[in-house]
Amino acid sequence: MWWLYQLTVVLVLALAGPFLLAARGRHYLPTLAGRFGLSLPAAPDGGRPLWIHAVSVGEAAVAATLARALPGGPLVVTTITPTGQERARAAFRSRPATAVAYLPFDLAPPLGRFLRRFDPAALVLVEGDYWPLLLSRARRRGMPVAVVNGRIGDRSFRRLSRWRRLARLLFAPVDRFAVQSEEDGRRLVALGVPDDRVTVTGNLKYDAPEPPPVPELAAALRALAAGRPLL
């Protein structure tokens with residue numbers, strides 16, 4: 001089954017790749033070595049790291065919020081989009097023992113190179129992004145998997161409901177789901193996740209620190225408002 005799945009991934013990459021490169025080649029070409037696991041940063045010092053995966057900019061911000069609440073220790077942070085990569089590098093620049101990389105393609109060779117380089121102790125998925133082979137390899141290695149700030153949108157729920165058995169298999173390697181709302185929790189249970197593995201924690205995006213004030217900007221806005229109220 002896994003060979004068939006990987007063949008499908010290769011075909012999708014082969015078909016979609018030329019269109020993506022033609023449209024945004026300058027954006028994606030520099031990322032390919034990382035996605036194939038051929039150009040990886042050095043593993044952080046301090047033992048086996050915690051792996052936090054964040055898809056793009058919003059999830060990278062949540063990952064940074066989560067990391068601030070964690071005890072010190074090595075981290076590996078992955079993203080999928082180049083903009084997410086930039087956000088993660090900026091957010092974790094000052095945190096010691098942290099490596100930022102692209103999530104490898106969901107194929108055995110790139111995943112194998114990534115896992116051998118970093119040997120993560122556990123995997124945290126921000127909001128979701130479930131890759132079947134990745135989750136299977138995590139289970140095989142005895143790597144605990146948790147989802148934070150999880151959500152199941154309307155479209156995803158409708159699609160997964162039609163393939164409930166596959167959804168149950170997809171979610172099986174995840175040990176714990178921390179979701180944004182009661183509705184997200186109900187949807188996961190309806191898709192076959194045991195309710196004792198689901199906890200409603202709220203939205204971590206609201207736990208981000210308030211940005212530092214910029215007095216010059218505030219003064220410019222007051223001048224433009226000319227005495228009118230500002231929200």
Side-chain angles (χ1 to χ4, degrees), residues 16 19-35 39 41-42 44 46 49-103 123-129 146-157 177-185 187 199-231:
F19 294 99
L20 285 173
L21 292 177
R24 306 199 69 186
R26 188 165 51 183
H27 201 54
Y28 284 106
L29 268 176
T31 74
L32 291 181
R35 296 176 196 271
S39 175
L50 174 67
W51 178 7
I52 303 178
H53 173 56
V55 177
S56 192
V57 174
E59 292 84 1
V62 171
T65 298
L66 175 66
R68 277 189 288 269
L70 295 175
L75 290 179
V76 173
V77 180
T78 55
T79 71
I80 287 181
T81 67
T83 50
Q85 189 82 176
E86 291 173 8
R87 179 69 179 89
R89 291 184 188 281
F92 289 92
R93 183 176 293 118
S94 60
R95 193 184 193 282
T98 300
V100 179
Y102 280 101
L103 181 74
L123 170 61
V124 175
L125 302 174
V126 177
E127 296 193 8
D129 201 33
V147 171
V148 298
N149 218 45
R151 60 190 178 89
I152 300 289
D154 296 341
R155 184 181 301 174
S156 295
F157 182 62
F177 293 85
V179 297
Q180 296 181 19
S181 69
E182 296 283 353
E183 181 61 23
D184 293 309
R187 288 177 173 181
T199 304
V200 179
T201 57
N203 194 332
L204 278 176
K205 288 179 179 176
Y206 297 131
D207 291 327
E210 185 175 342
V214 183
E216 298 84 0
L217 176 60
L221 288 172
R222 284 194 297 271
L224 288 170
R228 290 170 291 181
L230 280 173
L231 175 62

Can you give me every donor-acceptor pair (side chain of residues 56-76, partner residue at least two apart or in another chain, under 3.5 Å) with its distance?
from, atom 1, to, atom 2, distance (Å)
Ser56, OG, Thr81, OG1, 2.8
Glu59, OE1, Ser56, N, 3.0
Thr65, OG1, Ala61, O, 3.1
Thr65, OG1, Arg68, NH2, 3.2

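- Every residue two or more places apart in sequence or in another chain that forms a side-chain hydrogen bond (donor to acceptor under 3.5 Å, both in side chains) with Asn203 is listed here: Asn149, Gln180.
- With sequence neighbours excluded, the residues satisfying ring pair (Phe, Tyr, Trp, His ring centres under 6.0 Å) with Phe177 are Phe171.
- Nearest approach of Gly150 to Asp184, heavy atoms of both residues: O-OD2, 3.9 Å.
- In this structure, Arg187 contributes its side chain and Ile152 its backbone to a donor-acceptor pair below 3.5 Å.
- Summarising the geometry, atom OG1 belonging to Thr79 is positioned 13.0 Å from atom CD1 belonging to Ile52; distances are rounded to the nearest 0.5 Å.
- By the salt bridge (Lys or Arg N to Asp or Glu O under 4.0 Å) test, Arg151 pairs with Glu127, sequence neighbours left out.
- For the atom pair CG of Asp129 and OG1 of Thr78, the computed distance is 8.5 Å after rounding to the nearest 0.5 Å.
- Legend: residues meeting side-chain hydrogen bond (donor to acceptor under 3.5 Å, both in side chains) with Thr31, ordered by chain and number and at least two apart, are Arg35.
- Applying the ring-ring contact (aromatic ring centres under 6.0 Å, His included) rule to pairs touching residues 199-230 yields nothing, sequence neighbours excluded.
- Every residue meeting the side-chain contact (heavy atoms from CB on, under 4.5 Å) condition with Ser39, not counting sequence neighbours, appears here in chain and number order: Ala33.
- For residues 49-87, every residue pair satisfying the ring-ring contact (aromatic ring centres under 6.0 Å, His included) rule, not counting sequence neighbours, is listed here: Trp51-Phe114.
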Donor-acceptor list for residues 212-231 side chains, cut-off 3.5 Å, not counting sequence neighbours:
from, atom 1, to, atom 2, distance (Å)
Arg228, NE, Ala225, O, 2.8
Arg228, NH2, Leu224, O, 3.2

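- Qualifying salt bridge (Lys or Arg N to Asp or Glu O under 4.0 Å) partners for Glu86, counting only residues two or more places apart in sequence or in other chains: none.
- When the side-chain contact (heavy atoms from CB on, under 4.5 Å) test is applied to Arg155, the partners found at least two apart in sequence or on another chain are Arg158, Arg159.
- Nearest heavy atom pair, residue Val77 against residue Ala88, reads CG1-CB, 4.2 Å.
- At distances below 3.5 Å, at least one donor-acceptor pair connects side-chain atoms of Gln85 with backbone N or O atoms of Ala101.
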